[in-house]
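One structure is given below, encoded as structure tokens.
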Amino acid sequence: MRRMAPVLVAGVVAVAAAGVWLGSGSASAGSLSGTLYRDPDSNVVRWVAANGGDSRAAVIRTNIASQPQARWFANFNISTAQQEAAAFVGAANAANQVPVISVYEITNRDCGGASAGGAPDLNQYQTWVGNFSRGLGNRLVVIILETDSIALQTCLNQQTLAARNAALSQATQTIKSANPNAKVYLDGGHSTWNSASEQANRLRAAGIQFADGFYTNVSNFNSTSSEVNYGRQIISALNGAGVSGKRQIIDTSRNGGAAGDWCGDDNTDRRLGRYPTLDTGDANIDGYLWVKLPGEADGCAFQAGSFQPQLAFSLANGVAPPVTPPSSPPPNSPPPSSSSPSTPPSSSSSSPNTPPGACSATYRIDSQWNNGFGATVTVRAGTSAIGSWIVRWTFANGQTISQLWNGVDTPSGAAHAVRNAPHNGTLGAGASTSFGFNGTWSGTNSTPTLTCTSP
């Protein structure tokens, strides 16, 4: 993702102190509420899990890996779009938390720059959006739609610009038609790029009237105060043009230090900004989010999107840790069904007589509806710590798993072998973790017998 050289906006007045924000502040005044979802399979979480002995790991774990961040959908694949969206959103729904998705699939993405890619053409783009939208469920999800697609137009002629604007407008309507509770935000650039009036005009051309608002500062470093003021100018310009009720999201992932050149790959004066929250206390601002993932490169010195632990450490080092409890991996209860569920009595099965150093596993059906059900498996270490685990069982009544989280399943017919995910394999003596899944059943939904081993 490119961030163009600064074009300063006249009259920017600081309305709040810049720097790192350490708490949730006053009650949310935006239109969103809830706990943001922490992606348990992000690059930073995987790196911390695999590099616990690295001298930088503790700081990165505490200040970055603990925090909710966006999941980027940037690898164009029409056939997997629905499944990938459903898996991520379903895990967040099961945790009763709010997922944030950054969609980055537009044709001619980044004008062919360091983050080039996306759909081969806009017809295929709309097919991808349609499939993706069908995986979004029916609960609150925040969609950051196509970073730089509106602020960066230098590679587009009049015809291709009109086609892109139409595509963004259609994508917004497709998403909101599939999930009326989805909140869609369009590209607002940032405060040192286009003027607020120009960006408002571009947003109108791209269908902001169908969206919930716009986002700014993704992958840039401008202070929160500058972005707040810039956003108010855009809102004012939109209101003046008859487009009201739009709100702003500000990316604060890397704006707690110096501003300046847009690329942060080799810059050591950047710092984490406000920790992610929907509790903004500002009626114009729906969230301070980490859209650009701290520690992932911009594409200058390193491959765009690659996780670089030294970049992450530079951002987090010396920054006060969050004072609110970090988001935890999801407590695996299944999302509610749109139909009226019938919840059976709780049932469980354990692996008995756990020897030292081994593990036990308990199976619980959380809820059941029509031909679907959700279950949680709790894994507990024995009298000694373990570094990994595998839970095995065989379904006796034709049950199938449609979606599983916090573990990696290797099925063979009715038999399943679920091993730990990177973040939850190591358990101290007597400690526990869990994984969950949604599945299908018919006739009888009996409880299988589980075995747990620690390889």
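In this text, all values refer to a predicted model and were calculated from it rather than measured experimentally.
The side-chain heavy atoms of L278 and L36, taken from C-beta on, include a pair separated by under 4.5 Å. Contact of the I60 side chain with the V44 side chain is registered, since non-hydrogen atoms from C-beta on lie closer than 4.5 Å. Looking at heavy atoms from C-beta onward, N165 lies in side-chain contact with L161 at the 4.5 angstrom threshold. Counting only heavy atoms from C-beta outward, the side chains of D54 and P309 never approach each other to under 4.5 Å. In this structure, the side chains of N63 and P322 come closer than 4.5 Å at one or more pairs of heavy atoms.
In this structure R204 satisfies the salt bridge (charged side-chain N to carboxylate O under 4.0 Å, His left out) test with no other residue, sequence neighbours excluded. For A182, the side-chain contact (heavy atoms from CB on, under 4.5 Å) partners two or more places apart in sequence, or in a different chain, are V141, I175, N179. With sequence neighbours excluded, the residues satisfying side-chain contact (heavy atoms from CB on, under 4.5 Å) with D409 are I401, L404, P411, H416, V418. Under the rule for a salt bridge (charged side-chain N to carboxylate O under 4.0 Å, His left out), the partners of D39 that lie at least two apart in sequence or sit in another chain are R71. Judged as a salt bridge (charged side-chain N to carboxylate O under 4.0 Å, His left out), and not counting sequence neighbours, R61 has no contacts. Partners of S177 under the side-chain contact (heavy atoms from CB on, under 4.5 Å) rule, at least two apart in sequence or in another chain, do not exist in this structure. In this view, D121 satisfies the salt bridge (charged side-chain N to carboxylate O under 4.0 Å, His left out) rule with no residue, not counting sequence neighbours.
Each of T224, N222, N220 was scored for a side chain to side chain donor-acceptor pair (under 3.5 Å) with N255, with one residue passing: T224.
Sorted by first and then second residue, the pairs that involve residues 101-195 and meet disulfide (SG to SG under 2.5 Å), not counting sequence neighbours, are C111-C155. Within the structure, ring pair (Phe, Tyr, Trp, His ring centres under 6.0 Å) contacts touching residues 132-184 (residues at least two apart or in different chains) are F73-F132, W128-F132. Applying the ring pair (Phe, Tyr, Trp, His ring centres under 6.0 Å) definition to pairs two or more places apart or across chains, those involving residues 78-103 are Y37-F88. The list of salt bridge (charged side-chain N to carboxylate O under 4.0 Å, His left out) pairs with a residue in residues 416-428, not counting sequence neighbours, is empty.
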Could you go through R232 and N229, starting from their C-alpha distance and side-chain angles, then the distance that decides it, and tell me whether this counts as side chain to side chain donor-acceptor pair (under 3.5 Å)? CA-CA 5 Å; R232 288 179 178 172; N229 189 66; over 6 Å; no
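No more than 12 heavy atoms of other residues, nucleotides or ligands shown are found within 6.0 angstrom of CD on Q83.
If you take CG on L140 and CG on N93, they are separated by 9.0 Å, rounding to the nearest 0.5 Å.
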Can you give each donor-acceptor pair under 3.5 Å made by side-chain atoms of residues 207-216, sequence neighbours left out, with the distance rounded to 0.1 Å?
| residue | atom | partner | partner atom | Å |
| --- | --- | --- | --- | --- |
| D212 | OD2 | K176 | NZ | 2.8 |
| D212 | OD2 | V184 | N | 2.8 |
| Y215 | OH | L145 | O | 2.8 |
| Y215 | OH | E146 | O | 3.0 |
| Y215 | OH | T147 | N | 3.0 |
| T216 | OG1 | E227 | OE1 | 2.8 |
| T216 | OG1 | Q248 | NE2 | 3.1 |

